[in-house]
Amino acid sequence: MQGNLAFRDEYNLADHRFTKELEFQLPSRFSGGELTIYNSGEEDDQDEEESFKFTLGAGEAAAYSCHFACHFSYCEYEMAKLRSGYRVLLRYSLHYKQVGAKVMPTAGGVNESRTLLEESLYGLPPADRMVVLPLVKEYDGLTLVNTGINALSRFQRKRAEALKAAGPDWELLIVNAKLEHTCGYDEHYDLASVIEIFDENGNRLTEEMSWLTKAVDFDCVAHDGMMLAAHDEDDDECVSNWGACKSESRTYYDDRKKIYEATFLVSYDPAFEMELKCLGGCEEVAEVSEMVVNAQDYDLLDRVLGVIDSKEKSKFDVKSCQILLQMMIASTKNAQSLVVLVNKVLGGLSSSEEPDELLYNVIIDAVDKLGHAELRESIEQLFAEVKRKEHKDICFFLRRMDFAFKLNKRIEEGDPNYLEAAINDLNEHGHGRAVLDSAAVVNSIVNMISHHKRQRHGLSSVVQASLTFLHNVPLTSKSLPLLMDRTHLLKHLLDQKMFGSLQTPLAEFVADFIRGLRLVIKHSTDCNALETKLKGDGKHIYVQAAAFLIKYGTQNDWDGFGEQIIKKKSIFSTLIEAIISDDVDGKRLLRDILNKCLLRIFISYTNSDWIRGLKFEPRNATLHVQKVLELCPSVARIVDKDKRLPLHHAAASSVQSFNASFEVVMKVFNAYKPAASIRDPITKLYPFQLAASNRNYKASFSLLLENPNLVSSAINGTKGRGRKRKRVRKSST
């Protein structure tokens, strides 16, 4: 039908047996065409009439289901013109067969025959078909068991009978409840709970009606005169809805806690028990959702979705959302009707719930079946909900990024960039957050790299954002396990050879590693844990962290590392042994640690682990160098990338500190004496000359005494031993 029905007044119809009109609309696609019904009694002299508008599903909904409207013939009605599309509308006149002397029913007659309370109950939507009436006082459970509703006072009994009369098909219950009202210096809060539930005969129904304990809302409201008015002007006392205070106490923080107990009448419509059960929150919604899936009951699903749409407390949890979507994906129902349902289910996910990996995969399956364009709005809303993103760990955002990688493969150019949105959310909402499970973070990133290698640009953005996040976690959260997991991640990224040199993240890691090590050394418990790790199978990752420090650190970083590891003798020894155990690169790494981190620092009197029971003297300040040379004597003869020996570094790094610099040079010299006759390839000086240039004259003199010929070699620029061998060969000739 295209067009409109003009304003109609059916009151003057000749045949008054036609009491009702039914407009039945078949599935159609259109907009506009609203039906307006004007409702007034036959003898209603009011100037203004009451009107009701019915859209009959204009838009998407009408295309896939039937709609109808029914009204008394005495009601005037008008149907607006269609703005677009077509529809098929069947119109019926319903005949009333009069029996006996009964009066013909009219709209006015129906309204006049109902009480105000009955009208109120009749007009309640499904999720609100419950009335809670406070009785001010408390009736004890034993009395209610013995006498049921007869235990109520005459006045309260009248109120109960009024509820029964207004809703003859409704169930009446008697509920005893408790309220804990706590007042602090600048706030107050309430905790209400159901104690017992009785029917009007006194039968206990607390267990059978357990859903009601969460569905009934006893929360205090802010206006006097309402059912559960909250407090007086001082926010100190509850009004008389809860009666007199039963007990009062003080909490640990000097807050006042008052206990109230009262009896309430609860009347509800059992025909809508499923809707009311959903009022209990996510757990109750989950139970009903399982019933929907088990019975494949789409009618019940429509009822649940009505509650979800109207009640903030009643939402789907992750599991409920997942099983409902799986049911619809496996369904053979019309695709367009499934689109409507899937969007409603996604929109009904609680804002305090975030999809897990399984639910995200189910959403991907839904996109594969129904198309991204059909579900785009719901997915965007899922990503945009601010409350869902607040105070979340990085794993939350990494799950979104992994989902975005999968989704981006299925969307067209110009569609939303979900990966970019997830990265921006991490930068905005994740800043300064601690990491709860660093191993899970690393595994998530490694898995993304493995599964989405073709999206290299996106992976680079994810890696950069993740490394920045890990660097920006609070200092107190930079635990050694977190730093070791970062080491594993950085090693993996370097091995992939697809993220560049990572120079900045590695430099940031070095600085964080030293800060974290400093925190560990301060606590004996953490020190014991570190020592255990260095002796176990995971020691290689600590060795790798030290290797990163040597390769990407600065002299300040190397000094800081050396100062920390010599504070605990047991940790120092265990670390050196762990490094030596690496057959491939262990000795070279130990050489670099000795040259860059240990030769410039000395044990002080505060390092009790080293000098306990010993008199503090200069030679004891170099016990850490002696320990390295004892554990690995050959390290003194290994040249670095510049062809320099440890003795060159020791002589060049000499400083005056309790004359300990002399002890360092001599310990390294004694470990490999031929080094004294080898020029430094950087400065072209012998070690004794390096020591003298750094004002370590004692060490310079001692080195020179070992090979006096070095004086003439240094002056002539030739090797002393070489000249001597040349003269011997000439005389023999």
Next on the checklist: If you apply the rule side chain to side chain donor-acceptor pair (under 3.5 Å), what do you find for Asn447 with Ser444, and how did you get there?
Outcome noted: CA-CA 5 Å; Asn447 289 334; Ser444 297; 5.9 Å; no
Item to check | Asn361/Lys406 under side chain to side chain donor-acceptor pair (under 3.5 Å): CA gap, chis, key distance, verdict | outcome: CA-CA 9 Å; Asn361 288 336; Lys406 298 173 183 176; 2.8 Å; yes
Item to check | CA sep, side-chain torsions, deciding dist, call: Val462, Ile449, side chain to side chain contact (heavy atoms under 4.5 Å, CB included) | outcome: CA-CA 10 Å; Val462 170; Ile449 294 172; over 6 Å; no
Checklist entry - Going through the distances and angles, do Ile579 and Tyr542 end up as a side chain to side chain contact (heavy atoms under 4.5 Å, CB included)? => result CA-CA 9 Å; Ile579 293 173; Tyr542 291 86; over 6 Å; no
Checklist entry - Can you check side chain to side chain contact (heavy atoms under 4.5 Å, CB included) on Lys667 and Leu629, steps first, answer last? => result CA-CA 8 Å; Lys667 278 185 170 60; Leu629 297 174; 4.3 Å; yes
Checklist entry - Could you go step by step and tell me if Arg679 and Leu685 meet the side chain to side chain contact (heavy atoms under 4.5 Å, CB included) rule? => result CA-CA 5 Å; Arg679 290 179 182 273; Leu685 298 177; 5.8 Å; no
Item to check | Derivation and outcome, salt bridge (Lys or Arg N to Asp or Glu O under 4.0 Å), residues Arg591 and Asp640 | outcome: CA-CA 8 Å; Arg591 170 207 64 201; Asp640 61 14; 5.8 Å; no
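In this structure, Thr476 OG1 and Leu519 CG are separated by 8.0 Å, a value rounded to the nearest 0.5 Å. Rounded to the nearest 0.5 angstrom, Asn670 CG and Gln626 CD are separated by 10.5 Å. Atoms CG and CG, from Leu598 and Asp592 in turn, are 11.0 Å apart once rounded to the nearest 0.5 Å. Atoms NZ and CG, on Lys478 and Leu483 in that order, are 8.0 Å from each other to the nearest 0.5 Å. The structure places CG of Leu359 at 5.0 Å from SG of Cys321, a figure rounded to the nearest 0.5 Å. One distance of note links CZ of Phe662 with OG1 of Thr622; it measures 10.5 Å at 0.5 Å rounding.
In this structure a side-chain-to-backbone donor-acceptor pair under 3.5 Å is present from Asp557 to Thr554. Distance alone, capped at 3.5 Å, places no donor-acceptor pair between the Ser450 side chain and the Val446 backbone. Asn694 contributes no side-chain N or O that, together with a main-chain N or O of Asn696, makes up a donor-acceptor pair within less than 3.5 Å. With hydrogens and angles ignored, the 3.5 Å screen pairs a side-chain donor or acceptor of Asp393 with a backbone N or O of Cys395. Gln689 places a side-chain N or O within 3.5 Å of a backbone atom of Tyr686 that can act as its donor or acceptor partner. Counting only distance, with no hydrogens or angles, the side chain of Lys684 and the backbone of Pro681 share a donor-acceptor pair below 3.5 Å. Looking only at distances, a side-chain donor or acceptor of Ser700 sits under 3.5 Å from a matching main-chain atom of Phe688. A donor-acceptor contact shorter than 3.5 Å is absent between the side chain of Arg433 and the backbone of Val473. Not one N or O on the side chain of His471 forms a donor-acceptor pair closer than 3.5 Å with the backbone of Ser466. Checking side-chain atoms of His624 against main-chain N and O of Ile601 turns up a donor-acceptor pair under 3.5 Å.
Nearest heavy-atom pair, Met484 versus Ala545, reported as atom, atom and distance to 0.1 Å: CE-CB, 3.8 Å. Taking all atoms of both residues into account, the shortest heavy-atom contact from Asn408 to Leu419 is ND2-CB, 3.7 Å. The two residues Lys392 and Phe397 come nearest to each other via the heavy atoms O-CE1, 3.9 Å.
Within a 6.0 Å sphere centred on NZ of Lys641, heavy atoms belonging to other residues, nucleotides or ligands number 12 at most. Counting heavy-atom neighbours within 6.0 Å of Asp537 CG, excluding the residue itself, gives a total of 12 or less. With a 6.0 Å radius and a threshold of 12 heavy atoms from other residues, nucleotides or ligands, Lys319 has its NZ atom at or below the threshold. Annotation for Glu357: atom CD does not count as buried by contact number, only 12 or fewer foreign heavy atoms lying within 6.0 Å.
With respect to the salt-bridge test (charged N to carboxylate O, under 4.0 angstrom), the residues Lys389 and Glu385 do not qualify. The residues Lys567 and Glu563 are annotated as not salt-bridged, no charged nitrogen and carboxylate oxygen being separated by less than 4.0 angstrom. Using a cut-off of 4.0 Å between Lys/Arg side-chain N and Asp/Glu carboxylate O, Glu354 and Arg400 are scored as salt-bridged. Salt bridge status for Asp559 with Arg600: present, with a side-chain N to carboxylate O gap under 4.0 Å. A salt bridge is absent between Asp582 and Lys539: the closest approach of a Lys/Arg side-chain nitrogen to an acidic carboxylate oxygen does not fall below 4.0 angstrom. Between Asp495 and Lys491 there is a salt bridge, with a side-chain nitrogen of the basic residue lying less than 4.0 Å from a carboxylate oxygen of the acidic one.
No side-chain donor-acceptor contact under 3.5 Å links Asp402 and His451.
Side-chain rings of Tyr418 and His372 approach one another, their centers coming within less than 6.0 Å.
Under the 30°/60° scheme for interplanar angles, the aromatic rings of Phe383 and Phe403 are found to be tilted.
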